[in-house]
Protein chains: 2
Amino acid sequence: MYIKEFSARSGFSSDTLRYYEKIGLIAPPMRDGGGRRVYSKADLTWTEFLGRLKATGMGISEMGRYARLRAEGDQTATERQQLLKAHRKKVRAQIAILNENLAALDKKIDTYSAMIEAGKGERNGS
Amino acid sequence: MYIKEFSARSGFSSDTLRYYEKIGLIAPPMRDGGGRRVYSKADLTWTEFLGRLKATGMGISEMGRYARLRAEGDQTATERQQLLKAHRKKVRAQIAILNENLAALDKKIDTYSAMIEAGKGERNGS
DNA sequence: GCTTGACCTGGAGCGCGCTCCAGCCCCGAG
DNA sequence: CTCGGGGCTGGAGCGCGCTCCAGGTCAAGC
C-alpha cells in the first residue's frame with residue numbers, strides 16, 4: 001500500500017511517517033517503479049507497536065534505541081525485553097499517578113457540588 | 001516564604017513559578033520591602049492543585065482558563081466544575097488507553113521470554 | 001563598607017515532535 | 001497529450017512549556 005493508505009491505517013500522518021523513517025524509527029520501505037514508498041503488512045505491525053510505545057509516553061530517542069536493537073536481530077532480544085520492562089515500570093507509575101490525581105479531581109468536583117448547592121437561593125437573602 | 005522555599009515545596013522551579021505568574025496561572029504574590037515575592041500557604045494550595053492538573057495532562061491554556069474563572073469568584077463555580085468534569089473524562093480515557101497498552105506490553109514481554117528461552121542452547125546446534 | 005548571594009526583569013533560546021512548504025516527478029484518466 | 005492528484009526531497013517553521021541569561025537591586029553577615 002502507498003503512504004496515504006498506510007497513514008490512514010497506522011494513524012500517523014504521511015509527514016510523520018517520512019519523518020520517522022528519516023530518523024530511523026521505521027525501516028525504509030520498498031519503492032515502486034516511480035520511487036514511491038510501498039508499505040507491507042509487516043511495516044504496519046511494527047508501526048502499530050511504535051504507536052503503543054508512543055501512547056505510553058516513550059520518547060523518540062528511546063523508540064529509536066529499540067528500533068536499532070530490533071534491526072540487529074535476535075541476539076538483542078534480552079536487551080529489548082529489558083528496555084520494555086523498564087518502560088512498563090514507568091507506565092505503571094504513570095497510571096498510579098493518574099489514579100491518585102483522578103481521586104483528587106473527584107473530591108474537588110464534589111466540593112464544587114456542595115458549593116453550588118449552598119449558593120442556590122442566596123438570591124432571596126433569607 | 002520566598003521563592004526558593006516555595007519552589008522546593010511546590011515542585012516547580014523558580015523560573016517556572018515566575019513564568020506561571022507572567023501568564024496568569026498564579027496570582028502575583030505579595031512582595032517584601034525589597035520587591036521580593038513572598039508566597040502564602042494559600043498560594044501553595046493553589047499551586048499544588050495546578051500541579052495535579054498538569055500531571056493529568058491539562059495544557060497551560062486550559063489551566064489559564066480555570067485560573068481566570070477562579071479569579072472571577074464564586075459565581076463561576078458551575079463553569080469550573082464543568083471544566084473539571086470534562087478534564088476528568090479525558091483523564092479516565094487516558095488511563096484506559098494506558099491500561100490497554102500496558103496489557104499489550106505485557107504480552108510482548110512474554111513473547112520475548114519465549115524467544116529468549118527458545119534461543120538458549122542453540123550454541124551447540126543439536 | 002564590602003562581599004555574597006538570593007532575587008528581580010525582559011527577552012532570547014531550547015528540546016521535542018512534528019508540520020508545512022517549494023519545487024519537482026510520475027502516473028492514470030479523459 | 002494534457003491535466004490533476006499523489007508522492008518525493010530537503011529544509012524551514014511551529015507550538016508547547018519551560019529554561020537560561022545579562023544586567024541590575026537589595027539585604028544580611030563579616
Side-chain angles (χ1 to χ4, degrees), chain A residues 1-40 43-44 46-68 87 90 94 97 101, chain B residues 1-40 43-44 46-68 87 90 94 97 101:
Chain A
M1 80 197 84
Y2 289 116
I3 200 168
K4 197 178 184 182
E5 185 184 350
F6 191 68
S7 165
R9 292 209 191 188
S10 67
F12 290 107
S13 75
S14 299
D15 274 325
T16 300
L17 289 169
R18 283 188 288 253
Y19 167 66
Y20 280 5
E21 183 184 332
K22 182 153 56 179
I23 63 174
L25 289 193
I26 296 177
M30 300 290 112
R31 299 290 182 125
D32 73 2
R36 287 132 85 197
R37 289 173 180 79
V38 178
Y39 293 92
S40 70
D43 291 325
L44 191 55
W46 166 240
T47 307
E48 280 165 353
F49 185 64
L50 269 188
R52 292 190 182 283
L53 294 180
K54 187 193 159 192
T56 48
M58 186 182 282
I60 279 188
S61 66
E62 201 174 352
M63 291 194 269
R65 195 180 148 223
Y66 184 86
R68 255 175 278 120
H87 182 57
K90 285 183 201 161
Q94 172 65 2
I97 288 169
N101 287 324
Chain B
M1 77 198 84
Y2 289 117
I3 200 167
K4 197 177 185 184
E5 186 185 349
F6 191 68
S7 165
R9 291 208 191 189
S10 67
F12 291 106
S13 76
S14 299
D15 274 326
T16 299
L17 290 169
R18 283 187 287 253
Y19 167 67
Y20 280 5
E21 183 184 332
K22 181 154 57 179
I23 63 174
L25 288 193
I26 295 176
M30 300 292 109
R31 298 290 182 125
D32 72 1
R36 286 131 86 197
R37 291 172 179 79
V38 179
Y39 293 91
S40 69
D43 291 326
L44 191 56
W46 167 240
T47 308
E48 279 166 354
F49 185 63
L50 270 188
R52 291 190 183 282
L53 294 180
K54 187 193 160 193
T56 48
M58 187 182 282
I60 278 187
S61 65
E62 201 173 352
M63 291 194 270
R65 195 180 148 223
Y66 185 85
R68 258 175 277 119
H87 182 57
K90 285 183 201 160
Q94 172 65 2
I97 288 170
N101 287 324

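Just so it is clear: chains get the letters A, B, ... in the order the sequence lines come, proteins before strands, and each one is counted from 1.
- Contact annotation: A/K4 side-chain N/O to D/dG5 OP1/OP2 distance is not under 4.0 Å.
- Separating the CH2 atom in A/W46 from the OG atom in A/S10 is a distance of 13.5 Å, to the nearest 0.5 Å.
- Which of C/dG17, D/dT19, D/dG10 sits closest to the side chain of A/Y19 comes down to C/dG17.
- Nearer to the 5' terminus of DNA chain D, by closest-nucleotide assignment, is the contact made by A/Y2 (compared with the other of B/M58 and A/Y2).
- You'll find the side chain of B/S61 stays beyond 4.5 Å of the side chain of B/R65, heavy atoms only.
- Rounding to whole angstrom units, CG of residue A/L50 and C1' of C/dC18 are separated by 15 Å.
- Within the 4.0 angstrom heavy-atom criterion, only backbone atoms of the sugar-phosphate kind lie near A/K54; the bases stay farther away.
- At whole-Å resolution of the value, CD in B/E21 and P in C/dG10 are 11 Å apart.
- The distance from atom CE of A/M1 to atom P of D/dG7 is 13 Å, rounded to the nearest whole Å.
- Distances from the side chain of A/T16 to the nucleotides D/dC20, D/dG17, C/dC18 place C/dC18 closest.
- For the pair A/I3 CD1 and D/dG6 C1', the computed distance is 10 Å after rounding to whole Å.
- For A/R37, a side-chain nitrogen or oxygen approaches OP1 or OP2 of D/dT9 to under 4.0 Å.
- Across the protein-nucleic acid pair, B/I26 atom CD1 and D/dC18 atom C1' stand 13 Å apart, rounded to whole Å.
- Atom CG of B/L50 sits about 6.0 Å away from atom CD1 of B/I26, to the nearest 0.5 Å.
- Rounding to whole angstrom units, NZ of residue B/K22 and P of D/dG17 are separated by 15 Å.
- Summarising the geometry, the separation between CZ on A/R36 and P on D/dT9 is reported as 13 Å, rounded to the nearest angstrom.
- Take the nearest nucleotide of DNA chain D for B/F12 and for B/R18: the residue whose nucleotide is more 5' is B/F12.
- Of the two residues near DNA chain C, A/G35 and A/S13, the one whose nearest nucleotide lies more 5' is A/S13.
- Listed for the B/T56 side chain is a donor-acceptor partner under 3.5 Å among the backbone atoms of B/R52.
- Taking 4.0 angstrom as the limit, B/Y20 places none of its side-chain polar atoms (N or O) nearer than this to OP1 or OP2 of D/dG17.
- Straight-line distance from the CD1 atom of A/I23 to the P atom of D/dG10: 15 Å, rounded to whole Å.
- Counting heavy atoms from C-beta outward, A/I60 and A/Y20 have side chains that approach closer than 4.5 Å.
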